[in-house]
A.B. asks: 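Could you have a look at this structure, given as structure tokens, before my questions?
Read the numbers this way: they start at 1 and go in the same order the structure lists the ligands and their atoms.
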Amino acid sequence: MTPVSTEAGSIDAHAHALPPADAPLEKTALETYVPLAKPSLIGLSRNEIAEQLGGIGVAAAQRKMRSQQLWHWMYVRGAREFSEMSSISKDMRAELEKHFTVARPEVVAEQISNDGTRKWLLRLPSGTAGEKAHEVECVYIPETDRGTLCVSSQVGCTLTCSFCHTGTQRLVRNLTPGEIVGQIMVARDRLNDWADRDTANGNRLVTNVVMMGMGEPLYNFEAVRDALLIVSDNEGIGISRRRITLSTSGVVPNIKRTGEEIGVMLAISLHAVRDELRNELVPINKKYPLAELLQACRDYPGASNARRITFEYVMLRGVNDSLEDAKLLVKMLKGIHAKINLIPFNPWPGTRYECSDWDQIEKFSEYVFNAGYSSPVRTPRGRDILAACGQLKSETEKLTARERQALRAMAMTD
Ligand code: SAH
Ligand code: SF4
């Protein structure tokens with residue numbers, strides 16, 4: 001379980017000002033993990049909470065009601081301490097306090113981009129006492145009609161897509177459901193976005209969730225499923241499944257399960273229309289080639305004209321951005337309820353790729369649009385704080401000062 005951070009003082013110092021251009025991501029030294037004495041209830045299902053209550057002697061007849069109360073305080077009100085839970089008796093609160101916490105991942109740094117994007121660096125237990133703690137990043141992207149939170153599913157990624165920075169990170173572990181739900185809770189904490197929030201129109205800031213941070217969500221299926229069921233529960237955080245998108249590089253056997261067991265929107269990291277090139281860009285293609293991937297999309301439970309599958313396509317100059325590619329793309333998506341999301345490549349130090357020229361992106365987009373597909377070009381957000389797609393990489397694999405400088409220089413020239 002994850003450590004608590006109730007002392008936000010060191011973070012607040014950074015909350016309203018942009019960090020200096022060369023500020024390191026890491027604000028405090030990476031510590032060795034010391035396991036917590038008390039587990040957090042965040043990330044457990046209602047039944048699991050009831051079981052835990054049974055374990056501390058709560059009578060069977062009370063467990064369901066108590067777990068409902070806890071659920072409300074944790075996921076509607078965002079309570080950070082049992083002492084806030086005023087509808088629960090004092091004695092019960094004291095008992096809960098003795099055995100559990102409602103801890104979220106510890107926020108070790110917050111950065112705010114000049115476009116309003118925010119990135120949080122979260123510290124997680126390594127799982128083994130004495131090992132270094134782990135870190136993941138979580139990004140909030142405000143837009144006029146929505147606020148999207150980009151959530152991580154793993155520390156690092158076992159896959160090695162050749163254009164993705166996360167794929168170069170060696171250290172990998174799966175996140176627990178509590179660590180995945182915890183990212184949404186941390187964002188709501190930091191943005192003051194819980195039920196009692198006093199806004200003029202009562203609108204929520206975090207309205208959408210995309211599983212597009214670090215990691216391959218379908219290689220951590222059960223934890224991602226359990227977490228998303230909590231996030232979409234309408235007696236709790238209440239973000240509808242239509243506003244949650246899971247992006248996969250193409251783990252075919254778990255695509256159907258995603259539709260059946262989670263029911264969220266699906267995005268596929270396509271990036272190439274020929275197996276030969278996709279084997280190189282997205283190596284999982286060697287295991288699950290295009291024909292199988294597209295069949296899984298045709299069969300995706302719940303896909304319809306109103307619930308289209310998004311095909312992500314990163315624009316790499318001279319690699320996959322020709323009109324020939326656009327034509328093949330349109331041909332191959334026939335019969336699938338699809339929309340296309342073109343992503344300008346975000347560079348990182350040491351990469352051999354470049355972003356396509358703007359002209360070429362426009363031509364590509366126009367062709368696809370004229371063929372009847374919505375094809376928005378994703379505006380890169382938060383590049384100055386390295387928060388854009390594919391730039392996330394935990395500080396456990398720290399960038400050197402020179403790498404950081406190179407990355408910022410690239411961001412400035414684009
Ligand atoms: N592992 C999952 C989800 C995380 S990546 C997946 O691959 O789908 C989210 C999206 O960003 C994916 O489509 C990924 O291919 C894309 N991406 C990765 N690196 C990128 C980069 N450097 N520039 C632009 N997009 C990138
Ligand atoms: Fe992993 Fe996705 Fe990056 Fe590929 S693009 S290495 S699957 S995070």
A.B. asks: Tell me, please: is Gly213 in heavy-atom contact with ligand 1, that is, under 4.0 Å?
C.D. replies: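 Flag set, Gly213 near ligand 1.
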A.B. asks: Indicate, as side chain, backbone, both or neither, the part of Phe163 found under 4.0 angstrom from ligand 1 when only non-hydrogen atoms are considered.
C.D. replies: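 For Phe163, backbone and side-chain atoms both sit under 4.0 Å from ligand 1.
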A.B. asks: Between Glu110 and Arg190, does any side-chain N to carboxylate O distance fall below 4.0 Å?
C.D. replies: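 Salt bridge between Glu110 and Arg190, a charged N being under 4.0 Å from a carboxylate O: yes.
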A.B. asks: Side chain or backbone of Met212 under 4.0 Å from ligand 1, or both, or neither, by non-hydrogen atoms?
C.D. replies: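 The answer is both.
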A.B. asks: If you take the centroid of each ring, where Trp contributes its six-membered ring, are Phe364 and Tyr313 closer together than 6.0 Å?
C.D. replies: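 Centroid separation for Tyr313 and Phe364: below 6.0 Å.
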A.B. asks: For atom 4 (Fe) of ligand 2, what's the nearest protein heavy-atom neighbour? Residue, atom name and distance, please.
C.D. replies: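 Scanning the protein heavy atoms, the shortest distance from atom 4 (Fe) of ligand 2 goes to Cys161 SG, 2.3 Å.
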A.B. asks: If the cut-off is 4.0 Å to any non-hydrogen atom of His271, which atoms of ligand 1 fall inside it?
C.D. replies: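 Those of ligand 1 that fall under 4.0 Å from His271 are 13 (O), 14 (C), 15 (O).
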A.B. asks: Output, in order, the C-alpha distance, side-chain angles, deciding distance and verdict of side chain to side chain donor-acceptor pair (under 3.5 Å) for Asp325 and Asn320.
C.D. replies: CA-CA 6 Å; Asp325 290 302; Asn320 65 353; over 6 Å; no
A.B. asks: Ile343 heavy atoms, cut-off 4.0 Å: which ligand 1 atoms fall inside?
C.D. replies: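 Once the distances to Ile343 are compared, the set is 24 (C), 25 (N).
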A.B. asks: Which one holds for Val314 and ligand 1: side chain close, backbone close, both close, or neither close, with close meaning a heavy atom under 4.0 Å?
C.D. replies: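 The answer is the side chain.
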A.B. asks: Of the side chain and backbone of Thr248, name the one, both, or neither that has a heavy atom under 4.0 Å from an atom of ligand 1.
C.D. replies: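 For Thr248, only backbone atoms sit under 4.0 Å from ligand 1.
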A.B. asks: Give a yes/no verdict on whether any heavy atom in Trp348 is under 4.0 Å from an atom of ligand 1.
C.D. replies: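 Within the 4.0 Å threshold, so yes.
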A.B. asks: Considering only heavy atoms from C-beta outward, does the side chain of Ile268 approach that of Phe311 to under 4.5 Å?
C.D. replies: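 The answer is yes; the side chains approach within 4.5 Å.
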A.B. asks: Please check if any side-chain donor atom of Asn174 sits under 3.5 Å from a side-chain acceptor atom of Gln154, or the reverse.
C.D. replies: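 Result is yes, a qualifying pair exists.
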A.B. asks: For Tyr300 together with His337, are the ring centres under 6.0 Å from each other?
C.D. replies: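 No, the ring of His337 stays outside the 6.0 Å limit from the ring of Tyr300, centre to centre.
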A.B. asks: Can you name the atoms of ligand 1, numbered from 1 with element, that are less than 4.0 Å from a heavy atom of Gly215?
C.D. replies: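 In order of numbering, the contacting atoms are 1 (N), 2 (C), 3 (C), 4 (C).
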A.B. asks: Closest non-hydrogen protein atom to atom 2 (Fe) of ligand 2, residue and atom name please, with distance?
C.D. replies: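 Result: Gly215 O, 4.5 Å.
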A.B. asks: With side chain to side chain donor-acceptor pair (under 3.5 Å) as the test, would you mind laying out the steps for Glu366 and Asn370 before giving the verdict?
C.D. replies: CA-CA 6 Å; Glu366 208 174 278; Asn370 288 336; 4.6 Å; no
A.B. asks: Just which atoms of ligand 2 are under 4.0 Å from any heavy atom in Gly167?
C.D. replies: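 Result: 6 (S).
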A.B. asks: Quick check on contacts: which atoms of ligand 2 are under 4.0 angstrom from a heavy atom of Ser249?
C.D. replies: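 Checking each atom against Ser249, I get 7 (S).
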A.B. asks: Do Arg274 and Glu324 meet the salt-bridge criterion of a basic N to acidic O distance under 4.0 Å?
C.D. replies: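 Arg274 and Glu324: not salt-bridged.
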A.B. asks: Would you mind listing which atoms of ligand 2 come within a distance below 4.0 Å of any non-hydrogen atom of Cys157?
C.D. replies: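 Those atoms are 1 (Fe), 6 (S), 7 (S), 8 (S).
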A.B. asks: Using a plain distance cutoff, I'd like to know if Glu312 has any nitrogen or oxygen under 3.5 Å from a nitrogen or oxygen of ligand 1.
C.D. replies: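 Yes, Glu312 has an N/O under 3.5 Å of an N/O on ligand 1.
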A.B. asks: Under 3.5 Å, is there a donor-acceptor pair between the Glu216 and Thr248 side chains?
C.D. replies: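 The criterion, which ignores hydrogens and geometry beyond distance, is satisfied for Thr248 and Glu216.
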A.B. asks: Looking at Ser83 and Arg93, what are the two nearest heavy atoms and their distance?
C.D. replies: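 Heavy atoms of Ser83 and Arg93 come nearest at O-NH1, 3.2 Å.
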A.B. asks: Give a yes or no on whether a salt bridge exists between Arg204 and Asp193, defined as a side-chain N under 4.0 angstrom from a carboxylate O.
C.D. replies: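 Judged by the 4.0 Å cut-off on N to carboxylate O distance, Arg204 and Asp193 do form a salt bridge.
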A.B. asks: With the threshold set at under 4.0 angstrom, would you say Cys355 reaches ligand 1 through any of its heavy atoms?
C.D. replies: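 Checking ligand 1 against Cys355, which is what was asked, there is no heavy-atom contact under 4.0 Å.
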A.B. asks: Find all atoms of ligand 1 within a distance of less than 4.0 Å from any non-hydrogen atom belonging to Glu216, and give their numbers and elements.
C.D. replies: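 Heavy-atom distances to Glu216 below 4.0 Å select 1 (N), 2 (C).
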A.B. asks: Can an N or O of Arg378 be found at a distance shorter than 3.5 Å from an N or O of ligand 1?
C.D. replies: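 In this structure, Arg378 places no N or O atom under 3.5 Å from an N or O of ligand 1.
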A.B. asks: Run the contact test for Met214 against ligand 1 with a 4.0 Å cut-off on heavy atoms, strictly below, and give the result.
C.D. replies: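 Met214 does not count as a contact of ligand 1 under the 4.0 Å cut-off.
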A.B. asks: Atoms of ligand 1 less than 4.0 Å from Cys164 heavy atoms?
C.D. replies: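 What qualifies from ligand 1 is 18 (C), 19 (N).
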A.B. asks: With no hydrogens and no angle check, do the side chains of Asn47 and Glu51 hold a donor and an acceptor under 3.5 Å apart?
C.D. replies: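 Their side chains do not contain a donor-acceptor pair, so the 3.5 Å distance test is not met.
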A.B. asks: Among all protein heavy atoms, pick the one closest to atom 3 (Fe) of ligand 2 and tell me residue, atom and distance.
C.D. replies: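 Closest protein heavy atom to atom 3 (Fe) of ligand 2: Cys164 SG, 2.4 Å.
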A.B. asks: Is the positively charged end of Arg77 above the ring of Trp194, judged by distance under 6.0 angstrom from the centroid and angle within 45° of the axis?
C.D. replies: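 No - Arg77 does not lie over the ring of Trp194 by the 6.0 Å and 45° rule.
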A.B. asks: Report, in ascending order of atom number, the atoms of ligand 1 lying under 4.0 Å from any heavy atom of Asn346.
C.D. replies: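 Answer, ordered by atom number: 21 (C), 22 (N), 23 (N), 24 (C).
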